[in-house]
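Here's the structure we're looking at; comments come further down.
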There are 2 protein chains.
Amino acid sequence: MTVVRRKTAGRKAAASTAGRPAAKPAKERILDAGEQLFARNGFYGVSVRDITEAAGVDVALVSYHFGGKRELFAAVFRRRAEMLNPERLALLEEVRRSALPGVPALEDIVNAFTYPMLERSARGGAGWKSYFALVAQVNNSPEWGPVLMTEHFDPLVERFIAVLREALPGCDAREVYWGYQFLTGALTLTFAETGRIDKLSGGLCRSSDLDSVHQRLARYVAAGFRALCTAAAPAPHGARSKTRRSALRKIPRRPP
Amino acid sequence: MTVVRRKTAGRKAAASTAGRPAAKPAKERILDAGEQLFARNGFYGVSVRDITEAAGVDVALVSYHFGGKRELFAAVFRRRAEMLNPERLALLEEVRRSALPGVPALEDIVNAFTYPMLERSARGGAGWKSYFALVAQVNNSPEWGPVLMTEHFDPLVERFIAVLREALPGCDAREVYWGYQFLTGALTLTFAETGRIDKLSGGLCRSSDLDSVHQRLARYVAAGFRALCTAAAPAPHGARSKTRRSALRKIPRRPP
DNA sequence: ATCTTGATTCAACGGACGTTGAATATTTTT
DNA sequence: AAAAATATTCAACGTCCGTTGAATCAAGAT
């Protein structure tokens with residue numbers, strides 16, 4: 001009956017005068033809060049109420065603006081992919097064009113793939129950092145990976161692999177696909193920034209030091225591609241026994 | 001009052017005669033079911049009831065045997081780590097010993113690290129496959145990775161890195177740590193088996209084909225290590241501009 | 001045979017979950 | 001200024017959540 005409407009008035013005042021964060025529209029603030037929280041605890045580890053409280057909006061707005069929690073998750077994932085990937089594609093084409101009539105160096109191709117991500121994760125703001133941590137989890141999730149990664153990244157990846165194959169003439173396509181798989185695994189774990197390398201190295205390396213990654217990943221991966229492609233052609237067995245046979249022994253099967 | 005105890009009698013009969021799965025003790029069946037479900041949907045994506053229903057036991061047994069859901073998750077993670085890592089360590093030492101008085105090939109060191117996992121994921125049974133998919137998610141999770149990976153894998157990893165450094169004399173320690181980081185990222189994404197490489201390659205490569213990974217990963221990673229370590233010594237800038245400078249442009253900062 | 005201990009079942013708890021519909025407020029269009 | 005469209009608030013819904021305590025069962029020890 002005599003309840004005073006503190007909330008509404010208070011929110012309005014805070015939005016127009018006091019706090020910075022209330023400047024953005026609610027829909028965007030939900031995306032920001034969801035991005036941060038989903039990156040930390042995954043889809044099921046975050047409730048709609050967690051997100052709306054962090055965003056300072058009402059719970060019902062998630063269903064209103066996005067249709068539901070799952071759709072919000074997809075929208076979070078889509079938002080920055082659409083900002084990022086056109087630029088990565090343009091950079092890749094630029095690398096390719098500037099190497100004509102030859103083919104670009106493998107390092108440059110890999111860099112075109114990784115640099116826009118590493119650069120934004122390092123200096124693009126907290127939102128981008130959260131986003132890439134989220135990508136790391138999605139990429140390794142059997143539930144979300146096949147859906148979201150395929151939908152938003154595969155067109156770019158296909159073009160990237162095509163350019164890689166140009167730069168690796170005569171190399172079996174399978175080697176390139178596996179080489180890409182190893183690259184994306186290394187890249188996404190980097191974005192997870194779990195701090196594990198910090199502990200392992202006793203502080204010598206830091207997860208957050210993406211410049212160190214930028215200086216090393218392309219070289220590492222390019223060498224890996226070359227090693228895969230200079231290996232014996234599709235001869236499944238024989239030769240090169242040193243790397244495969246030397247000290248390996250069979251693992252016994254589990255007892256039934 | 002007159003309720004008939006169908007459940008108990010039925011379960012007992014099924015356990016002793018009809019079904020295979022009831023042969024194991026309840027505690028182990030909970031671990032098995034949790035392993036499978038956690039691997040698919042993560043910690044928060046699976047309820048205690050999901051697990052106990054899959055295991056065919058009462059809900060209360062999770063709290064009774066493990067103390068709670070979180071402790072069950074940790075127990076699932078610990079169980080196979082304790083089977084696996086002593087063997088990986090023994091294999092590493094065997095590789096090292098059999099190379100004396102020299103140092104082992106990088107490929108053999110990496111293989112000692114990866115082969116026991118790849119072999120079990122390929123031929124160790126469904127439980128092992130689930131387990132490594134779970135490891136892939138944990139390794140990329142900012143919430144669980146630092147806790148569980150550090151606790152159960154770091155002693156092994158430290159020894160592994162020490163041997164790597166023996167095999168890379170004169171190489172800066174940071175290069176080895178980063179090289180390991182890229183390796184574990186590539187390895188764990190492989191275990192996630194999201195099927196993404198299958199779609200990308202049009203069926204040419206299969207996520208589940210861990211033998212293909214075994215044939216390629218050690219070569220790829222060893223070449224990567226060598227590339228990191230033969231690069232210009234800790235000279236942070238200069239030289240080698242081709243790999244770093246050529247076609248890269250600055251990414252503009254976000255508007256404030 | 002009785003006692004003891006550990007394993008399992010059952011029912012229930014308070015709370016958090018995602019979503020909804022009606023009511024209200026705000027902005028845009030006419 | 002009125003009307004329409006959009007945005008936000010509030011309260012509540014039914015459901016599922018993890019955990020608990022008391023009761024029952026199954027064996028082994030005394």
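Residue numbers begin at 1 in each chain, while the letters A, B, ... track the order of the sequences.
The side chain to side chain contact (heavy atoms under 4.5 Å, CB included) test with A/Val138 singles out one residue from A/Phe43, A/Phe77, A/Phe38, and that residue is A/Phe77. A salt bridge (Lys or Arg N to Asp or Glu O under 4.0 Å) with A/Glu35 is found for exactly one of A/Arg78, A/Arg80, A/Arg40, namely A/Arg80. Looking at B/Thr190, B/Asn111, B/Thr114 one by one, the single match for side chain to side chain donor-acceptor pair (under 3.5 Å) with B/His214 turns out to be B/Asn111.
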Could you run down the sub-3.5 Å N/O contacts of the protein with nucleotides 17-19 of chain D?
residue: D/dC17; atom: OP1; partner: B/Ser47; partner atom: OG; Å: 3.0
residue: D/dG18; atom: OP1; partner: B/Val48; partner atom: N; Å: 3.4
residue: D/dG18; atom: OP1; partner: B/Lys69; partner atom: NZ; Å: 2.9
residue: D/dG18; atom: OP2; partner: B/Val48; partner atom: N; Å: 2.8
residue: D/dG18; atom: N7; partner: B/Arg49; partner atom: NH1; Å: 2.5
residue: D/dG18; atom: O6; partner: B/Arg49; partner atom: NH2; Å: 2.8
residue: D/dT19; atom: OP2; partner: B/Lys69; partner atom: N; Å: 3.0

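The distance from atom CZ of B/Phe66 to atom C1' of D/dT20 is 18 Å, rounded to the nearest whole Å. With rounding to whole Å, A/Leu61 atom CG is found 5 Å from D/dT8 atom P. For the pair A/Ile30 CD1 and C/dG18 P, the interatomic distance rounds to 13 Å; values are reported in whole Å. B/Asp58 places its CG atom 13 Å from the C1' atom of D/dA22, with the value rounded to the nearest Å. The separation between A/Glu28 atom CD and D/dA7 atom P is 14 Å, rounded to whole Å. Taking atom OH of residue A/Tyr64 and atom C1' of nucleotide C/dA23, one finds them 14 Å apart after rounding to whole Å.
A/His65 has a side-chain polar atom (N or O) that falls below the 4.0 Å cut-off from OP1 or OP2 of D/dT8.
Both the sub-6.0 Å distance and the 45° axial angle are not jointly satisfied by A/Lys27 relative to the ring of A/Tyr64.
Using a distance-only test at 3.5 Å, with no hydrogens or angles considered, a donor-acceptor pair links the side chain of A/Asp50 to the main chain of A/Ser47. Under the 3.5 Å distance criterion, the side-chain polar atoms of A/Thr184 are left unmatched by any main-chain donor or acceptor of A/Tyr180.
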